[in-house]
Amino acid sequence: EMAGGGTCTALWFLFRLVSCQQNMPLPPCDSEIYCTGQLLHHVQTAKLFNDDKHFVDMKLKEHPDVVLSAFQNLSQDWPSNAIPPSTLRDFVGLYFDEPGLEFEPWTPPDWKDNPKLLGRIEDPALAGWAAKLNQLWKSLGRKIRQEVRDHPELYSLIPTPHPLVVPGGRFRELYYWDSYWVVNGLLLSEMTTTARGMIQNLLYLVDTYGFVPNGGRVYYERRSQPPFLTLMVESYYQATQDQAFLRGALPTLDKEYSFWMQNRSLTLHNHTLNRHHVPVGSPRPESYTDDLELKQLLWEELKAGAESGWDFSSRWYRAAPPGQTPSLGDTGASQVLPVDLNALLCRNERTLASFHRLLGDAEAAAGYERAAAVRQQAMEALMWDERRGAWFDFSLLADATRTQFHPSNLAPLWAQCFSAPAMAERALLYLQESGALRFPNGVPASLQDSGQQWDYPNAWPPLQHMLIEGTHSHRAHTICIYIYVIAKKLAFDLAQNWIRTNWRAFDEYDAMFEKYDVNGDGKPGGGGEYDVQLGFGWTNGVVLQLLDLYGDRLTAGGLSGTTTSSLPLLLCLLLVTLQ
Ligand SMILES: *[C@@H]1O[C@H](CO)[C@@H](O)[C@H](O)[C@H]1NC(C)=O
Ligand SMILES: *[C@@H]1O[C@H](CO)[C@@H](O)[C@H](O)[C@H]1NC(C)=O
Ligand SMILES: *[C@@H]1O[C@H](CO)[C@@H](O)[C@H](O)[C@H]1NC(C)=O
């Protein structure tokens, strides 16, 4: 009932082959080389490259039909699928070029030596560092060669119309939610043309696919990532006041919003909320135990996990059988209504309302306002935990919230999506009591050390930024100004510690990383499926944003205590409650 596919389920015994076959999971894309097929299977299972991503980023030297036919011939020479790895390696060398050939050398023409932000940073060490981060845009900028547009069949890259800024390392294409912090950073570096090009690429993807794929490769075609495009347009509009651009973009933003509401929503207990879900094929009956089908089911769940941006995390684990510890194989990301996704959509709804109002469409504005109000109510009905004083992901399997700590539990503060000021105060107390503030290097993605990268001990730039902005945006409450002071102080302290972590790691490794370890003295994070990556788009963007917010106060070596005695907070809350 949750995910449709009724025919296949109901007639399963009778028509297992006939009616379920047509519901076989869709491949990640239609390419028989980059997304599906025997060649891919052989190369990846032979582990010719350390990173599976290497092969699918390689360029074809011949038309795919020629390569597939040659591979067919090779397979015939080696019956029973026993192509020796060295033969396979030679084949790949003959028909594929190394990754990275999609781009030509490019320096963003709007790059500026000395953006005003640099002058607003008091600490000379931090100002010098910010100047180096500003330089990094030049090494992360990419321009797609004309050859890719002329022969897209030879590449897995999706040729978007404008140059782009990549995260860095193995991430050599654009990424959806990363781009939000990249765009914010570019705007602070006064690179408005490059920022606009980034946004136009994403708008192009919505116009082409109906939503923004996870990233700019064909193998990302069937899943999205947290929908930040509307907020990118907002950042751009705030920086430029370019109303014509807003008017041009708005229909596409409306279209993306419809995708999330039509294809990623779910009604439960009379409330409609959103989840990550990559519906490829139909859900299987509970008793279905065939290995292959199980893998397909897990495959869908892993894709839903990837769509969340948190790939992977104990946050998405189902409960394991008694006595067992859940692991990656227990990922059930589509069975969770995530707090942060819904907070983000709530903020999108209010932002879209403001865009429509600005451009004179009062009716559309009212529609979005209503949607935000209804969502806020739904979030408070299903996710808000009055006793614990925070929002929690709602598990469809348990029909209840999951009470583990994640920074995303505070996302409604960042989105300003809650009905009573006291909820923000409760949430602040929850954060204080959660145990997540005791690490000097940042707030970890969870308190569980699962070995996955979106878990302890890793701290991620976007999560720090949302937490800091959420705490910083706390509004003064007349009864208890003390909480307001504490919130502002906490936001600054989190920013100070994060800057110190990034700064120390930069000092030591001469690099910016995608994530950091909450322990140690400023070092990159680890775990997960690939080595930690340098670059790094969103990390640089977040640092520039924090320097913009607190440039007059931050210091390179400063370390702040983030925990406060809860007693005054509790007294404050009591006052607020008694009011
Ligand atoms: C595959 O083999 C057929 C028959 O021997 C041959 O005509 C064709 O050119 C071969 N294809 C490639 C790409 O080598
Ligand atoms: C959204 O779902 C509808 C069916 O409900 C489907 O026709 C459409 O292709 C889906 N859109 C995307 C972009 O997946
Ligand atoms: C379900 O929600 C609708 C609109 O939000 C409301 O009119 C209706 O009474 C609700 N039904 C139940 C059973 O709560």
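Start at 1 and go down the list; that is how both ligands and their atoms are numbered. Both backbone and side-chain heavy atoms feed into the values below; hydrogens, waters and symmetry mates do not.
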Any protein heavy atom < 4.0 Å from [atom]:
atom: atom 2 (O) of ligand 1; answer: yes
atom: atom 5 (O) of ligand 2; answer: no
atom: atom 10 (C) of ligand 2; answer: yes

For Ala70, take its heavy atoms, then give the atoms of ligand 1 lying under 4.0 Å from any of them. 12 (C), 13 (C)
Which ligand 1 atoms does Val66 reach within 4.0 Å, using its non-hydrogen atoms? 13 (C)
Starting from atom 12 (C) of ligand 1, what is the nearest protein heavy atom, named by residue and atom, and what distance separates them? Asn73 ND2, 3.5 Å
Please say whether Ser69 places an N or O atom under 3.5 Å from an N or O atom belonging to ligand 1. yes
Trace of the side-chain contact (heavy atoms from CB on, under 4.5 Å) decision for Tyr175 with Tyr220: CA-CA 10 Å; Tyr175 281 83; Tyr220 288 138; 2.7 Å; yes
Taking only non-hydrogen atoms of Phe211 and a 4.0 Å limit, the atoms of ligand 2 in range are 13 (C)
Residue Tyr209 vicinity, atoms of ligand 2 by number, heavy atom under 4.0 Å: 13 (C)
Here the gap from Trp181 atom CH2 to Leu231 atom CG, rounded to the nearest 0.5 Å, amounts to 9.0 Å
Honestly, is Arg142 close enough over Trp106, meaning NZ or CZ under 6.0 Å from the six-membered ring centre and within 45° of the axis? no
Do the ring centers of His42 and Phe71 come within less than 6.0 Å of each other? yes
Any N/O of Asn263 closer than 3.5 Å to an N/O of ligand 2? yes
Let me know which of Asn50, Asp51, Asp57 forms a side chain to side chain donor-acceptor pair (under 3.5 Å) with Lys53. Asp57
So, Tyr236 and Arg196: side-chain donor and acceptor under 3.5 Å apart, yes or no? yes
Ignoring hydrogens and angles, state whether a donor on the side chain of His465 or Glu469 is under 3.5 Å from an acceptor on the partner side chain. yes
